[in-house]
Amino acid sequence: MSQEEAFRGRTHHYLMCFIESCPLKDRCLHWLVGQYGDPQPWALMSMNPRNPKVGGEKCEKFRPNERTAMKKGMTHFYVDMPARVEKAIRQALIMQFGRTQYFEMRNGKRLITPSDQELIADICHDYGWNGPFVYDGEEEDWLW
């Protein structure tokens, strides 16, 4: 999928930015997605240009236009774990992410970000699993 296709696909449900004076706009996903937005609607989901926390060098909503390697799928994640540890980790992950998000990540429908990978590793370590973390694959995408 090209960058243009990815950005066009986000315009209906992604927070867009139209702050012309922002020094980060050329590198920010919110600005770049906004450039592909449909000009016809009267209202769009966008940043509030009057909010002092957005539109500057330290914008809290800044998302860099960089693709990041993310893991995909966890169907083989528990293969080497003892059953007792597997059950505890699975329950902890469901509690952490919620059933829907956990199963979307497990089945590869939702990519697992680097921060989520760290969280998963921390939970595994908390339950005594230091073995390999086996994901089904890896894919590059933006950290929306």
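The chain is numbered in sequence order, starting from 1. We use all heavy atoms of the structure for the numbers below, so side chains are in, but hydrogens, waters and symmetry mates are not.
- Annotation: side chain of L143 is not in contact with side chain of R67 (no heavy-atom distance under 4.5 Å).
- Taking the side chain as every heavy atom from C-beta outward, R90 and R106 approach each other to under 4.5 Å.
- In this structure, M95 places its CE atom where only 12 or fewer heavy-atom neighbours from other residues, nucleotides or ligands lie under 6.0 Å away.
- Annotation: H125, atom NE2; neighbour count of heavy atoms from other residues, nucleotides and ligands within 6.0 Å is above 12.
- Between I123 and W129, every side-chain heavy-atom pair lies at or beyond the 4.5 Å cut-off.
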Hey, can you pull the donor-acceptor pairs under 3.5 Å for the side chains in residues 74-82, sequence neighbours left out?
residue, atom, partner, partner atom, Å
T75, OG1, D136, OD1, 3.1
T75, OG1, D136, OD2, 2.7
Y78, OH, Y102, OH, 2.8

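- Taking the charged nitrogens against the carboxylate oxygens, E104 and K109 have no contact shorter than 4.0 Å, which rules out a salt bridge.
- When the side chains of ILVMFWY residues are joined at heavy-atom separations under 4.5 Å, either directly or via intervening members, V85 and F133 end up in a single hydrophobic cluster.
- In terms of heavy atoms, P23 sits closest to G55 at CD-O, 3.8 Å.
- Not a single donor-acceptor pair under 3.5 Å links the side chain of Q101 to the backbone N or O of G98.
- Closest heavy-atom contact between I19 and V54: CD1-CG2, 3.9 Å.
- Tracing side-chain contacts under 4.5 Å through hydrophobic residues (I, L, V, M, F, W, Y), one never reaches I89 starting from V134; they form parts of separate clusters.
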I112 vs Q117, test: side chain to side chain contact (heavy atoms under 4.5 Å, CB included). Steps then yes/no.
CA-CA 6 Å; I112 304 167; Q117 292 170 45; 3.6 Å; yes
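- Under the 4.5 Å side-chain heavy-atom criterion for grouping Ile, Leu, Val, Met, Phe, Trp and Tyr, M105 is connected to Y135 within one hydrophobic cluster.
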Does the pair Q91 and Q96 meet the rule for a side chain to side chain contact (heavy atoms under 4.5 Å, CB included), with working shown?
CA-CA 9 Å; Q91 288 174 344; Q96 176 66 42; over 6 Å; no
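- Between T11 and V33, the shortest heavy-atom contact is CG2-O, 3.6 Å.
- Closest approach of M47 and C17 over heavy atoms only: CG-CB, 3.7 Å.
- Here Q35 contributes atom CD and D26 contributes atom CG; the two are 9.0 Å apart, rounded to the nearest 0.5 Å.
- Rounded to the nearest 0.5 angstrom, F97 CZ and D116 CG are separated by 4.0 Å.
- Heavy-atom minimum distance, E138 versus K71: OE1-NZ, 2.8 Å.
- M70 contributes atom CE, which lies 7.0 Å from atom OG1 of T113 (distance to the nearest 0.5 angstrom).
- Between E140 and T68 the shortest side-chain heavy-atom distance does not fall below 4.5 Å.
- Taking CE from M45 and NE2 from H13, the interatomic distance works out to 8.5 Å, rounded to the nearest 0.5 Å.
- If you chain together hydrophobic residues whose side chains sit under 4.5 Å apart, L15 and W144 never meet in one group.
- Using a 4.5 Å heavy-atom threshold, the side chains of C124 and N130 count as separate.
- Expressed to the nearest 0.5 Å, how far CD of E66 lies from CG of L29 amounts to 9.0 Å.
- The local environment of OH in Y127 is sparse, with at most 12 non-hydrogen atoms from other residues, nucleotides or ligands closer than 6.0 Å.
- Between E20 and K25 there is a salt bridge, with a side-chain nitrogen of the basic residue lying less than 4.0 Å from a carboxylate oxygen of the acidic one.
- A centroid separation of 6.0 Å or more is found between the aromatic rings of W31 and F7.
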Step-by-step side chain to side chain contact (heavy atoms under 4.5 Å, CB included) determination, H30 to K61:
CA-CA 8 Å; H30 294 289; K61 293 293 184 179; 4.3 Å; yes
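- The shortest heavy-atom contact between I120 and L93 is CG1-CD2, 3.8 Å.
- Rounded to the nearest 0.5 angstrom, K72 NZ and R110 CZ are separated by 13.5 Å.
- Both W142 and L32 are members of a single hydrophobic cluster when ILVMFWY side chains are connected at heavy-atom separations under 4.5 Å.
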